[in-house]
**Student:** 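Provided herewith is a single structure, encoded as structure tokens, for subsequent inquiry.
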Amino acid sequence: MSGWIQFLLDFAWVSAGLALVAFSLGLILGELKIVNIAQGDLMMVGAYSMYAMRELPFLVALAATCVVGLLLGFVLERGVLRWVYDKGFMATLLATWGVGIVLEQGIATVFTVSQKGIDAPLKGLVEIGDVVYPTYRVVVAAGIAVLLALLLLFVYRTSLGLRLRASIDNVEMASVLGISPQRTFAMVFSVATALAVLAGALIAPTIAINPTLGLSFLAPAFFAVLISKPGSLAGPVVGAVAVEFTFTLLQAYFNITIAESVLFGLLALFIVLKPQGISWSWKPAREKAS
Amino acid sequence: MARPEGTVRKSSIMTYLNRWRASQPDSRNRHSGAAATFIPAAPSVIGFILFAAAALCPLFLSEFKVGLIGLGLTYGLFAIGLDLAWGRTGIISIGQAVFFGLGTYGVAIALVRHGSAPLGAAIGIALAGILGAFTAAVGLRRVTNPSTMAVLTLATTLLAEKVARDWWSLTNGSSGLYVPPLTSTYSYYYVCFVATAAVVALLWLFVLRRPLGNRLTAIRLNDRRAEHLGIPIFRERVVAFTLSAVVSAVAGCLSAPWMSSVSPDRVGILLSTQVLVWVAVGGRATLLGPFVGAVALTYGQDVLASSMGESYLLLLGVLFILSVLLVPNGVAGLFLTGPQLTDTTPVGETPPPRSMAAAGDVLAAEAIVKRFAGNTVLDGVDLRVKPREIVCLIGPNGAGKTTLINVLSGAIECDSGSVALRGEPIERTPPDRRVAAGLARTFQIPSLFPGLTVAEHLILARQEAGVVAPLPEAYARLEREHAGQRVEMLSLSDRRSLEIAMALCSRPDVLLLDEPAAGLARNEAGALAKTLRALRDHAGCAIVCVEHDMEIVRDLADRVICLHHGKVISEGTMDQVSANAEVRRAYLGLV
């Protein structure tokens, strides 16, 4: 019994963080059609931002970090990405690749490569069943779940969300209907960046902070996006849960490297069987048909 | 499809240069000349100087620097490997170090255990080839999303680094394997130099200057068009990626003795990143670029890293972004603007036209159904085309005409129904094999290879056809007058004509045309019906043509078929169809 509770808590904690990152990644891929290799580095920036503001109250630092994320996203979109949209898929991918290198090395130059750490604001433990688990992780997992639920409600149930989905579906058609691609791109990338940065900030107290910390999240986040239908926004969230469920399960039986290898093998198999991904979206069918 | 291997003109550096010289005074004599006019002498001269410098540098430099340049050379070969996939074929690989590292580890493990280094190298190269073929086969299928390959290669390099770190018994984990030092830097430098030159020469002679090289360029520039020219894009992409993995692994093998220790970062993401930077900065799809990028940045790293430390990598990142933004073709691209294709026009007798079964339909589609997300676009369409018949498809917007052409040509698969070409079922056959079977098409918006000349387009089309079929006069004139012109400079009607000319090169039994008159000027459109009828008489093919201009349809069609809401609502002569009440309702919008 306690084994299962432990498993579910671990699974909830890791899948919450990944779901947020994957949602952000799916948003960028869906709207800007960019494979954002810098996603892990955006998380890393979030963690370092929290480290830099470790003297401030946690929630204040968190809010400030979100602002940092918004600004960073805006600067990157206006300063770099905007210039490569018309150069094709490969150029945009390489541009984010370059952005990733610069962020990583920039942080390494400012903060050095030695590992850092910050304290969690909630140091207590909660007892669930007969398992003792850090309160911080439980609260953050729940908080992310609420945030994602709100984001998905926003995307699927508001008119602004409808405009976003229209733009993802067909950016040219949407622009004819008065949805400016320039403005949408800048906004979406800023928000998506802020979400990735936020994910990094929330995870920061539980990990060793170093400039390459984002790398370990990059592959699973992409797996989550890849197994869902292109352009779907709920898909990556469900995908992240599916990936982490499989991964946590595999880790119960194998060491982490073998677990990752098996996960990768499963992904390859999945791509062979379902090259277009699965439609996880809970949009009602009639809305799609019309 | 019969590959034109036997008939292809042998290309070597000398004949290539001779042809260039011969073509200088009058480039318009032959299409082959036109493709070669853009070659300046510069690349061969620069290449020769750099080659000589690399050959002679041990005479002038210290042992340490020779070692650095030797390592740079192997990195250059590594970059050439990446360039085969990325620069030539347009396949993104952000985990190329895996293949390199397999070679390095193969040799290092053999050396450490006092085994046979060539055996270790062979195992490493074989594993890299298998892994490359596997990755490509999973990630490069027609239906796969373009981001799949990026994710797969990225995940491979991240995973490989972890495996190398964890597999203590084989790799000695993070501390790495200590490779015994070289007995002579100079002699090993020449081993590296000769091996690298040999691999590059082999690639040049047997891949890049061969039909395969042209195919890879075609796939990079426009994969959809390449496929509809008859190029098996999936197979050639897998070949290119496997080759790229093997070349990178060979480079990895050569590099092992230069390193004091072989650690997990040899297969890791940082090296994967660096090789991308070398190729991007040096110049894609050139032979010199990857070497220049790799040697200069390896050398620069050593010089600068001591003074700059970590910020050297920051500089590298900035350099990379700038090169993506400002010089997408890299340093070499600034100087080298040679032709992108080799003239592989088949020589020899033109074989007689296809033997055509006298009776029966050349193309028969039955009960074709195609749905897009619940929206039924084709709802049980039947279409029969007799040999040499011209059938025009008409119908209001959204009737499913282009979708029908896409289903016939194989660009999309139908959900149900059958398509048969000369009685052979082809509805599950990929587009390239349909071309080989005698079905060619054009697109509503002309689909050509950006940056290539008219002559180069026809080189590709003829290479794929394996023969040189004579073109009707209207199209032969286009070839004569615009051979050396890049397709961006052509008028819309010339671009459409070029697309038809390319389709004709495959000597099709059926030619599918999607709105050949759209966007043409009045006088051009007026001549079109006559040109197309002449084309039919000349090439002996049937034509299925989507057209909106009823005057053209009247002049052109032997038979008219009207589609509406995915169904055939009327069929017959133009007069019969235009008299049909249902057709009138469809066009006038009355329900």
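The shown structure was predicted, so the numbers you read here are calculated from the model rather than taken from an experiment. Here is the naming used below: chain letters follow the sequence lines, and residue numbers restart at 1 for every chain.
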**Student:** With a 4.5 Å cut-off on heavy-atom pairs, point out which of B:T144, B:I269, B:V318, B:T273 contacts chain A the most.
**Tutor:**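 The option with the most such pairs is B:T273.
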**Student:** Side chain, backbone, both or neither: which part of A:L269 has an atom under 4.5 Å from a heavy atom of chain B?
**Tutor:**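 No part of A:L269 comes within 4.5 Å of chain B.
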**Student:** Inspect the surroundings of CZ in A:F74 and state if more than 12 heavy atoms from other residues, nucleotides or ligands are less than 6.0 Å away.
**Tutor:** no
**Student:** Given that the side chain runs from C-beta out, which part of A:V99 has a heavy atom under 4.5 Å from chain B: side chain, backbone, both or neither?
**Tutor:**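 Looking at A:V99, backbone and side chain both touch chain B.
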**Student:** Take atom CD of B:E488 as the centre, draw a 6.0 Å sphere, and report whether it contains more than 12 heavy atoms from other residues, nucleotides or ligands.
**Tutor:**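 Atom CD in B:E488 is packed in, count exceeds 12.
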**Student:** Got a sec, which pairs hit salt bridge (Lys or Arg N to Asp or Glu O under 4.0 Å) with one end in residues 151-160 of chain B, sequence neighbours left out?
**Tutor:** none
**Student:** Relative to chain A, which segment of B:F134 carries a heavy atom at a distance below 4.5 Å: side chain, backbone, both, or neither?
**Tutor:** side chain
**Student:** Counting only non-hydrogen atoms closer than 4.5 Å, does A:L215 touch chain B with its backbone (N, CA, C, O), its side chain (CB onward), both, or neither?
**Tutor:** both
**Student:** List for me each residue that meets side-chain hydrogen bond (donor to acceptor under 3.5 Å, both in side chains) alongside A:E31, sequence neighbours excluded, and say none if there are none.
**Tutor:** A:S167
**Student:** Heavy-atom distance under 4.5 Å between the side chains of A:W83 and B:I321, does that happen here?
**Tutor:**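 They are not in side-chain contact.
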**Student:** At what distance, to the nearest 0.5 angstrom, does CG of A:L93 lie from CD1 of B:I94?
**Tutor:** 5.0 Å
**Student:** Which atoms of A:L29 come close to chain B, meaning under 4.5 Å heavy atom to heavy atom: side chain ones, backbone ones, both, or neither?
**Tutor:**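 Contact with chain B: side chain only.
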**Student:** Are any side-chain N or O atoms of B:R141 and backbone N or O atoms of A:V272, one a donor and one an acceptor, separated by less than 3.5 Å?
**Tutor:** yes
**Student:** Which residues, numbered in order, of residues 161-173 of chain B come under 4.5 angstrom of chain A by heavy-atom distance?
**Tutor:** B:K162, B:V163, B:D166
**Student:** Heavy-atom cut-off 4.5 Å, strictly under: side chain, backbone, both or neither for B:I92 against chain A?
**Tutor:**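 Answer is both: backbone and side chain atoms of B:I92 are under 4.5 Å from chain A.
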**Student:** Starting at OG1 of A:T109, measure out to CG of B:L314 and round the result to the nearest 0.5 Å.
**Tutor:**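 If I round to the nearest 0.5 Å, the distance is 5.0 Å.
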**Student:** Which pair of non-hydrogen atoms, one from B:S147 and one from A:L226, has the smallest distance, and what is that distance?
**Tutor:**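 Shortest heavy-atom separation between B:S147 and A:L226 comes out as OG-CD1, 4.0 Å.
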**Student:** Considering all heavy atoms of both residues, which atom of B:N145 and which atom of A:P275 are nearest to each other, and what is their separation?
**Tutor:** ND2-O, 3.7 Å
**Student:** Do other residues, nucleotides or ligands put more than 12 heavy atoms under 6.0 Å from B:I445 CD1?
**Tutor:** no
**Student:** Just checking heavy atoms, which of residues 153-160 of chain B are less than 4.5 Å from chain A?
**Tutor:**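 Interface residues of residues 153-160 of chain B: B:L154, B:A155, B:T156, B:L158, B:L159.
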**Student:** Could you look at A:I258 and say if it's the side chain, the backbone, both or neither that has a heavy atom under 4.5 Å from chain B?
**Tutor:** neither
**Student:** Please find the pair of heavy atoms, one from B:A150 and one from A:V35, that lie closest to each other, and give the distance.
**Tutor:** CB-CG1, 4.5 Å
